[in-house]
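Worksheet: one structure, shown below.
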Amino acid sequence: MNVVIVESPAKAKTINKYLGSGYTVLASYGHVRDLPSKDGSVRPDEDFAMSWDVDAKAAKRLNEIAEAVKGADKLILATDPDREGEAISWHVLEVLNRKKALKGADVERVVFNAITKTAVTDAMRHPRKLDMELVEAYLARRALDYLVGFTLSPVLWRKLPGARSAGRVQSVALRLVVDRELEIESFKTQEYWTVEAEVSAGSDPFSARLVKLDRKRLGKFDLPDEASAKAARKAVEAATLRIAAVEKKPGRRSPPPPFTTSTLQQEAARKLGFSAQRTMQAAQKLYEGVDENGGLITYMRTDGVQMAPEAIDETRRVIGERFGTNYVPEQARIYKTKAKNAQEAHEAIRPTSLARHPTMVRLDGDLQRLYELIWRRTIASQMESARIERTTVDIDSLDGALGLRATGQVVLFDGYLAVYEEGRDDAAADEDGARLPAVAENASARVHGVKADQHFTEPPPRYSEASLVKKLEELGIGRPSTYASILTVLREREYVRMDKQRFIPEDKGRLVTAFLEQFFERYVEYDFTAALEEKLDKVSAGDLDWKELLREFWRDFHAAVEGIGDLRVTQVLDSLNEALGPHIFPDRGDGTDPRTCPVCGTGQLSLKVSRFGAFVGCSNYPECRYTRAVAAPEGGEADADGGDRELGLDP
DNA sequence: CAGTGAGCGAGCTTCCGCTTGACTT
């Protein structure tokens, strides 16, 4: 008898089926051990010694595993083929060794990145040893995260009452939200106008935009006000027009790759309105399966876009049957990940059987809709590209001073668009979607009406859950298993709030960000994690000692912590006040200096702290009693207003 | 209705990443 260890029970069940009777497949249910949530779990002055703790539930699992291993010939560690997976195998092995549960049993490490019968049985024939360098990269990652989080958080408690936590991932996610808000606040809207004419040339009328005026190309801001727009409109109305050129260009649109965790969360938000959490809950149920037929989709926490060859074959077959052979490309499509720091331990998220059409499964609301989305996306990813034709019609005045342009596109062959079109976040609507009537070059054109429209440039949009997850993934920050919880932490700490499904930073979040930027700048830089990952890669390649990585990190980090530890709260505030700027003193938009007191008009505002939390107060205290709360400790809210009220704006 | 106030204090909070049930509301 052989004992096989994987992470999840659903996976254990499937693999058991593939391997048959000579094997017992058990799940570890995750990491099994972790650092206890208290001081001293990682000890830099003992050469980064780490204490591990097995919680009660994991202990039960491990006892079951130890029991099964007792009479076994072999222990086969088949956890995920990435850094964390290697670590899980190591943790399990460590515990079993400590229990002395491994007498005589051989230990093998086996990896597969698709759960198909061929992939699994093939992997079983190629066992290897545990990769200790990969495990050491994990240890470095784990220790660093602990040291950053469990050092910075207490610093925050002491220096900024009301602030609760900081960490390598959450603090950068928060910074993204805060920085975007600052961008929005400092954004200057700009007015511009466009002129559009309804024209015809022996055809149905169509609309064309003014693109040339006074023999010059019209830039976006060349019609800055109503007067210039009206003058341009008059010029169009007075002009004699002819069709100068008709150009048709063929184009292709290729399908998007199949889903990863990040893209699934984004699309489910855009198309179904699901939060990241709701998406993951539904996906988990689809993965576990609803009846005896097993899971309906592959593993839902993945950054891989690749698919098992068997699945690609089946997808192509289903496309041929349902849509016709002209929808099947000659070659199967192979996708490569673009995400930084992708581990690609798992396949893309796809139905376990493409033949299981959404109409053939009966599921609860969320599950049904999510399954259909995944089925369509997977099918689309292997379908033929759409072929389109883009048409551009240039219309000039006879004297050549004016130019108008109309664009349109026609889908000649829909290809993958027959099942799926990717949603958009904040992009402007397609303007060249319309079909244009056939017109002949040199035909004269008639103007039916001209309109001038006013527009204003808009600031960048606030992050939604979907766009923030997308950004985090681009920066290589966080993992598929943590995206949804990162969003939750920011809300629980009251660093941000949601408004119309968008993240808005609270003053508390701005303050924490300003503080970290001021005193721990390099640890909240957007590429800190990417740089760390490069070093971790060196560790796993054997080119860098994991303790050397930690020593180097700790030297600088510890110095920064010592530096601020010596400062009194008031000194921190003085230094912070210099740097705070728009984080805490936003432009009020009425031309007054953001740092002068809005009540007395002479006092200077600055940040202070008390047992009520951080607040902004006037230098003329106690004559002037203007205050504005910035960050209150848990439950320490003065009243329902939360100090948000702008006192004294109308004295 | 006004709007907490700054060198003292007891004791509390916290990280990231991997995985699901077993508690009660």
Side-chain angles (χ1 to χ4, degrees), chain A residues 6-12 27-39 41-42 55-58 60-61 79-80 82-89 91-92 138 141-158 161-171 173 281 284-285 287-288 299-301 343 345 477-483 485-486 489 492-493 523 529 532 568-571 573-574 599 606-619 621-622 624-629 632-639 641-645 647-648:
Chain A
V6 296
E7 275 101 326
S8 98
K11 194 163 153 185
S28 76
Y29 291 82
H31 268 133
V32 176
R33 299 197 301 183
D34 197 11
L35 301 171
S37 290
K38 58 178 190 202
D39 275 353
S41 295
V42 177
D55 74 26
K57 273 186 228 155
K60 246 180 86 184
R61 309 284 183 207
T79 50
D80 292 349
D82 59 10
R83 193 166 67 217
E84 300 296 325
E86 204 72 15
I88 290 174
S89 283
H91 278 307
V92 169
Y138 157 80
R141 196 279 302 159
R142 185 66 193 90
L144 186 145
D145 280 338
Y146 172 91
L147 289 171
V148 170
F150 276 66
T151 310
L152 279 188
S153 298
V155 169
L156 285 179
W157 306 338
R158 285 198 301 271
R164 303 233 345 248
S165 64
R168 171 177 60 86
V169 168
Q170 63 168 271
S171 295
Q281 275 167 3
Q284 175 84 31
K285 286 190 182 135
Y287 168 67
E288 288 168 3
Y299 194 57
M300 65 281 151
R301 292 188 273 265
Q343 310 260 330
I477 297 170
R479 304 281 312 133
S481 62
T482 60
Y483 293 137
S485 56
I486 294 165
V489 167
E492 276 178 0
R493 300 283 175 272
Y523 306 99
T529 290
L532 171 65
R568 306 168 92 86
V569 169
T570 48
Q571 290 174 297
L573 290 176
D574 285 346
V599 172
S606 65
L607 185 79
K608 299 147 193 264
V609 290
S610 75
R611 64 187 198 285
F612 299 106
F615 64 97
V616 166
C618 175
S619 55
Y621 180 84
C624 174
R625 306 182 73 92
Y626 172 82
T627 60
R628 179 169 62 86
E634 204 72 1
E637 225 72 24
D639 62 19
D641 286 336
D644 235 16
R645 236 157 70 197
L647 295 172

(message) Once ring-ring contact (aromatic ring centres under 6.0 Å, His included) is applied, do any residues pair with A:Tyr483, and if so which ones, sequence neighbours excluded?
(response) none
(request) Give the C-alpha distance, both sets of side-chain angles, the deciding distance and a yes or no for side chain to side chain contact (heavy atoms under 4.5 Å, CB included) between A:Arg168 and A:Tyr523. (result) CA-CA 7 Å; A:Arg168 171 177 60 86; A:Tyr523 306 99; over 6 Å; no
(request) Rounded off to whole Å, could you give me the CG-to-C1' distance for the A:Leu152 and B:dT13 pair? (result) 15 Å
(request) Return one dot-bracket line describing DNA chain B 5' to 3' (Watson-Crick or G-U wobble pairs, both distances under 3.5 Å; ( ) same strand, [ ] crossing, | another strand, . none). (result) .........................
(request) Hey, can you tell me if A:His31 and A:His91 have their rings parallel, tilted or perpendicular (30° and 60° cut-offs)? (result) perpendicular
(request) Tell me, please, which residues at least two apart from A:Tyr287 pass side-chain hydrogen bond (donor to acceptor under 3.5 Å, both in side chains). (result) A:Ser8
(message) Going by the glycosidic torsion and a 90 degree boundary from 0, is the base of B:dC8 oriented syn or anti?
(response) syn
(request) Starting at the 5' end of nucleotides 15-25 of chain B, put B wherever the base has a protein heavy atom under 4.0 Å, S where only the sugar-phosphate does, and a dash everywhere else. (result) BBBBBSB----
(message) Once side-chain contact (heavy atoms from CB on, under 4.5 Å) is applied, do any residues pair with A:Ala166, and if so which ones, sequence neighbours excluded?
(response) A:Leu152, A:Leu156, A:Ser171, A:Leu516
(request) Kindly say whether A:Gly85 contributes a backbone atom to a donor-acceptor pair with the side chain of A:Glu7 at under 3.5 angstrom? (result) no
(request) Could you pull out all residues at least two apart from A:Lys285 that satisfy side-chain hydrogen bond (donor to acceptor under 3.5 Å, both in side chains)? (result) none
(message) So that I can tick it off, tell me whether A:Glu492 and A:Arg164 are bridged by a salt bridge, with the cut-off set at under 4.0 angstrom between side-chain N and carboxylate O.
(response) no
